[in-house]
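Taking it in order: structure first as structure tokens, then the write-up.
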2 protein chains.
Amino acid sequence: MDFDNNNLSQNKMLNEFDIFKDFLQQKNLRWTPQRKMILEIFLSFDGHVDIESLHQKIQEQDPSLGIATLYRTLKILVDCELVEAHSFHDGKKSYERKFRVQHHDHLICTQCEKTIEFEHALIEKYQIEICEEYGFTLKSHKMELMGVCENCRKE
Amino acid sequence: MDFDNNNLSQNKMLNEFDIFKDFLQQKNLRWTPQRKMILEIFLSFDGHVDIESLHQKIQEQDPSLGIATLYRTLKILVDCELVEAHSFHDGKKSYERKFRVQHHDHLICTQCEKTIEFEHALIEKYQIEICEEYGFTLKSHKMELMGVCENCRKE
DNA sequence: CTATATATTGATAATAGTTATCAATATCAA
DNA sequence: TTGATATTGATAACTATTATCAATATATAG
Ligand SMILES: [Mn+2]
Ligand SMILES: [Mn+2]
Ligand SMILES: [Zn+2]
Ligand SMILES: [Zn+2]
């Protein structure tokens with residue numbers, strides 16, 4: 001039952017595992033080896049990952065872990081704001097870390113699917129102003145710039 | 001074969017039907033009563049429409065018109081830029097007129113699904129600048145602000 | 001006006017990503 | 001240790017959309 005080795009004593013700062021465990025407890029959900037492994041493998045990726053890649057890597061480590069559990073766990077991770085979900089490529093979601101990652105929007109090449117991350121403080125400010133103007137409480141936003149990258153333009 | 005009554009002589013300005021017919025001819029596609037009816041019924045709606053509403057209204061007028069034809073025709077209308085497709089509500093597309101309609105982005109209430117349209121010239125300008133900075137040729141963008149509207153906040 | 005090549009149609013099967021169902025099992029607070 | 005209940009994996013179901021295909025309609029050339 002001691003599958004949890006992430007509470008080493010020198011760790012003073014809350015990490016993703018602590019946040020996840022706290023969230024689960026708060027919601028009366030349970031800390032399971034499957035949830036731990038999914039978070040571990042998710043964190044081992046850089047940038048944007050899709051379900052397929054996650055599932056593939058999980059299978060290598062534990063072929064018995066079902067895909068339904070992967071979907072379920074990702075949903076919880078999004079709920080507790082450790083993970084952000086995107087749907088850039090129409091119908092197929094991807095995920096990226098959100099914990100201690102600066103907010104950014106995306107530039108997406110429609111040919112090679114490469115993405116570039118950017119921030120623009122003024123745009124963010126104007127978004128808030130627009131919401132105020134119309135009496136909305138802004139919860140989130142989606143801003144994606146679709147174009148063709150330098151590489152793809154050459155071909 | 002004379003199902004076309006949209007070429008009245010006093011019509012000097014190109015309308016949606018002319019544009020559509022030209023586009024079809026250009027692509028070696030054919031002008032059919034089904035395509036005409038779909039465009040007519042689409043234009044009879046204001047704002048954003050989904051497939052379901054379109055199909056329902058079409059059925060009233062011609063129950064034999066199949067849903068596949070509706071999907072196919074909408075795709076052509078999007079291709080020829082008479083129509084713009086959105087996927088606000090996750091997995092269910094909606095459509096709106098694009099011909100002679102000013103570009104705008106959307107504020108969306110996540111509770112009642114009401115949308116408000118807005119434009120912000122500076123945001124548009126910054127989007128272009130960002131693309132230039134990263135060597136992208138901007139093709140389109142998606143900007144959706146998700147929030148809670150005044151009405152929904154009261155409840 | 002034909003005839004002919006080929007685009008279109010409607011019915012329906014297929015697809016893809018995701019969610020629901022359910023009985024067996026695991027977690028965890030008491 | 002126990003027991004209430006959350007979780008799991010297998011798989012069926014679901015939803016929006018697309019593909020398939022034989023019958024039919026359109027456009028164009030003769
Ligand atoms: Mn990102
Ligand atoms: Mn609109
Ligand atoms: Zn590219
Ligand atoms: Zn609302």
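The chains referred to below are lettered A, B, ... by the order of the sequence lines, with proteins before strands, and numbering in each begins at 1.
- The distance between atom CZ of A/Arg30 and atom C1' of C/dT27, rounded to the nearest whole Å, is 5 Å.
- Remark: A/Gln34 is not in phosphate contact with C/dA26, judged by side-chain N or O atoms under 4.0 Å from OP1 or OP2.
- Using a 4.0 Å cut-off, no side-chain N or O of B/Ser64 falls inside it from OP1 or OP2 of C/dT9.
- Between the side chain of B/Arg35 and the main chain of B/Thr73, no donor-acceptor pair closer than 3.5 Å is present.
- B/Val101 and B/Phe23 sit in two unconnected hydrophobic clusters of ILVMFWY residues. Membership requires side-chain heavy atoms under 4.5 Å apart, directly or through other members.
- Note on ring orientation: taking the six-membered ring where Trp is involved, the planes of B/Phe17 and B/Trp31 are perpendicular (angle over 60°, cut-offs 30° and 60°).
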Can you give one letter per nucleotide of nucleotides 16-25 of chain C, 5' to 3': B if a protein heavy atom sits under 4.0 Å from the base, S if only from the sugar-phosphate, - if neither? -SBBBB----
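- Protein atom CG of A/Leu29 is 12 Å distant from nucleotide atom C1' of D/dT5, rounded to whole Å.
- Sorted by first and then second residue, the pairs that involve residues 51-64 of chain A and meet salt bridge (Lys or Arg N to Asp or Glu O under 4.0 Å), not counting sequence neighbours, are A/Glu52-A/Lys92.
- Regarding contacts with the backbone of D/dG9, a side-chain N or O of A/Thr69 is found under 4.0 angstrom from either OP1 or OP2.
- Using cut-offs of 30° and 60° on the angle between ring planes, the pair A/His103 and A/His141 is perpendicular.
- Contact annotation: A/Gln25 reaches the phosphate of C/dA29 (side-chain N/O to OP1 or OP2, under 4.0 Å).
- The interatomic distance linking A/Leu74 (CG) with D/dT8 (P) rounds to 12 Å, in whole Å.
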Please report, to 0.1 Å, the donor-acceptor pairs under 3.5 Å made by any side chain of residues 79-88 of chain B, with sequence neighbours excluded.
residue : atom : partner : partner atom : Å
B/His86 : NE2  : B/Glu96 : OE2          : 2.7

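- Distance CD (B/Gln26) to C1' (C/dA7): 17 Å, rounded to an integer number of Å.
- The side chain of A/Arg35 contributes an N or O atom lying less than 4.0 Å from OP1 or OP2 of D/dT8.
- Atom NE2 of A/His55 and atom P of D/dT8 are 13 Å apart (whole Å).
- Regarding B/Ile38, its CD1 atom lies at a distance of 12 Å from the P atom of C/dT8, rounded to whole Å.
- Each of B/Asn28 and B/Leu70 has a nearest nucleotide on DNA chain C; the 5'-most of these lies closest to B/Asn28.
- When rounded to the nearest whole Å, the span between NZ of A/Lys21 and P of C/dC28 equals 10 Å.
- When each of B/Leu24 and B/Pro63 is assigned the nucleotide of DNA chain C bearing its nearest heavy atom, the one mapping closer to the 5' terminus is B/Leu24.
- When rounded to the nearest whole Å, the span between CG of B/Asp50 and P of D/dT15 equals 15 Å.
- Put simply, the side chain of A/Lys142 reaches to within 4.5 Å of the side chain of A/Glu144, judged on heavy atoms.
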